[in-house]
Amino acid sequence: MAHDHHDHDHEQEPPSDIALRVKALESLLIEKGLVDPAALDAIVDHYEHKVGPRNGARVVAKAWSDQAYLERLRADATAAIAELGFTGRQGEHMIAVENTPTTHNLVVCTLCSCYPWPVLGLPPVWYKSAPYRARAVIDPRGVLADFGTELPDDVEVSVWDSTAEVRYLVIPERPAGTEGLSEAELADLVTRDGMIGTARL
């Protein structure tokens, strides 16, 4: 898959001081038998791929199926997301941006890795990488192509810069032919990358 290749490219960068310290601490805890590496991997996987993104997918599915909720999400995303029980650090100031047939939204944090944890879980490695942070601003279509997302020329790409003050959630376009699906079934269609904007769904 295209974004796996994208991940691999960024793994060649030298790790940051913090990453090295975390790795050293993790190695020490494993060596002393205080942490099971498999359990650690399972916890990270749980938050990165299951808990967080599932929360965001529920927000998207409700926005797709409940016009009144969508209006509340547009007016005050933080409060609308909190209605579903998703609150906490890194999710205090949320803005929802909607993809349309003529606009595609892409989220980046150009300074570090600000990310809406309550709705998306842990940020992926590539989101925190310097190449993604730089290229998403100067060449967003190139970044999207790296992820296998090709957009027609008449679709405008809007790039949103997450900060400590505000974080963004992309609401993908609802797929055609899904009118009869329940909210749970709709949520199953939504991906983490779709809510960052590197994918259509």
Side-chain angles (χ1 to χ4, degrees), residues 1-7 45-87 91 94-108 115-124 126-127 132 135-136 139-160 162 166-201:
M1 293 191 315
H3 76 277
D4 289 338
H5 173 68
H6 196 79
D7 285 351
D45 179 72
H46 183 67
Y47 280 97
E48 185 172 355
H49 297 290
K50 298 183 180 108
V51 172
R54 296 307 304 154
N55 294 349
R58 284 186 55 201
V59 172
V60 171
K62 189 158 186 67
W64 282 347
S65 56
D66 182 338
Q67 185 64 34
Y69 180 77
L70 176 59
E71 295 300 335
R72 294 196 299 278
L73 192 65
R74 288 169 173 161
D76 184 344
T78 307
I81 290 167
E83 288 178 30
L84 301 183
F86 310 136
T87 62
M94 296 290 303
I95 293 178
V97 290
E98 299 170 68
N99 287 349
T100 71
T102 57
T103 303
H104 184 88
N105 296 284
L106 177 65
V107 179
V108 64
Y115 191 76
W117 291 14
V119 287
L120 292 186
L122 301 176
W126 54 262
Y127 183 86
Y132 174 78
R135 285 189 60 223
D139 181 23
R141 285 183 182 274
V143 168
L144 290 171
D146 287 348
F147 282 85
T149 302
E150 302 281 351
L151 299 173
D153 291 341
D154 61 348
V155 174
E156 178 187 353
V157 179
S158 295
V159 178
W160 301 89
S162 276
V166 63
R167 288 170 174 80
Y168 297 91
L169 177 69
V170 175
I171 307 300
E173 280 187 88
R174 181 173 177 161
T178 59
E179 293 74 17
L181 298 185
S182 68
E183 280 188 28
E185 290 169 324
L186 288 170
D188 287 339
L189 303 176
V190 183
T191 66
R192 178 200 64 192
D193 290 3
M195 293 181 285
I196 297 172
T198 51
R200 300 299 287 271
L201 276 180

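These numbers were taken from a predicted model, which means no experiment stands behind them.
If you take CZ on Arg192 and CG on Leu122, they are separated by 10.0 Å, rounding to the nearest 0.5 Å. Between the OH atom in Tyr127 and the CD1 atom in Ile196 there is a gap of 7.0 Å [rounded to 0.5 Å]. Rounding to the nearest 0.5 Å places CG of Leu151 at 8.5 Å from CG of Asn99.
In summary, Asp188 and Arg54 engage in a salt bridge, as defined by a charged side-chain N under 4.0 Å from a carboxylate O.
The nearest pair of heavy atoms linking Pro175 to Leu201 is CG-CD1, 3.7 Å. Among all heavy-atom pairs drawn from Ala199 and Thr191, the shortest one is CB-OG1, 4.5 Å. Shown here for Ala77 and Ala96, the closest heavy-atom pair between the two residues is CB-N, 3.6 Å. The two residues Lys62 and Leu84 have their closest heavy-atom pair at CD-CD2, 3.7 Å. In plain terms, the two heavy atoms of Ser158 and Thr103 that are nearest each other are OG-CG2, 3.8 Å. A pairwise comparison of heavy atoms in Trp64 and Pro172 identifies NE1-O, 2.8 Å as the closest pair.
When side chains are defined from C-beta on, Arg74 counts as touching Glu98, because their heavy atoms get closer than 4.5 Å. Taking 4.5 Å as the limit, some side-chain heavy atom of Met195 sits within range of a side-chain heavy atom of Leu120. Side-chain contact between Thr87 and Ile81 is absent, with no heavy-atom pair separated by less than 4.5 Å. Proximity of Pro116 to Phe86: side-chain heavy atoms (C-beta onward) are nowhere separated by under 4.5 Å.
Sorted by first and then second residue, the pairs that involve residues 166-180 and meet salt bridge (Lys or Arg N to Asp or Glu O under 4.0 Å), not counting sequence neighbours, are Glu173-Arg200.
The main-chain N or O of Ser182 is found under 3.5 Å from a side-chain atom of Glu185 such that the two form a donor-acceptor pair. At distances below 3.5 Å, at least one donor-acceptor pair connects side-chain atoms of Ser65 with backbone N or O atoms of Ala61. A donor-acceptor pair under 3.5 Å is formed between the side chain of Tyr69 and the backbone N or O of Ala80. Judged by distance alone, the side chain of His104 and the main-chain N or O of Gly197 form a donor-acceptor pair under 3.5 Å. Judged by distance alone, with hydrogens and angles left aside, the side-chain atoms of Thr78 form a donor-acceptor pair with the main-chain N or O of Met94 at under 3.5 Å.
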* To do: Report the C-alpha distance between Val155 and Thr102 in whole Å, list the side-chain angles of each, state the deciding distance to 0.1 Å, and finish with yes or no for side chain to side chain contact (heavy atoms under 4.5 Å, CB included).
  => CA-CA 4 Å; Val155 174; Thr102 57; 5.8 Å; no
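Listed by chain and number, the residues in a salt bridge (charged side-chain N to carboxylate O under 4.0 Å, His left out) with Arg72 are Glu83 (sequence neighbours excluded).
When each of Leu73, Asn105, Val190, Val97 is paired with Ile171, the side chain to side chain contact (heavy atoms under 4.5 Å, CB included) condition holds for Leu73 and for no other. When each of Val170, Leu106, Val108 is tested with Thr198 by the rule side chain to side chain contact (heavy atoms under 4.5 Å, CB included), just one qualifies, namely Leu106.
In this pair, Phe147 and Tyr132 present their aromatic rings perpendicular. The plane angle is above 60°, beyond the 30 to 60° band.
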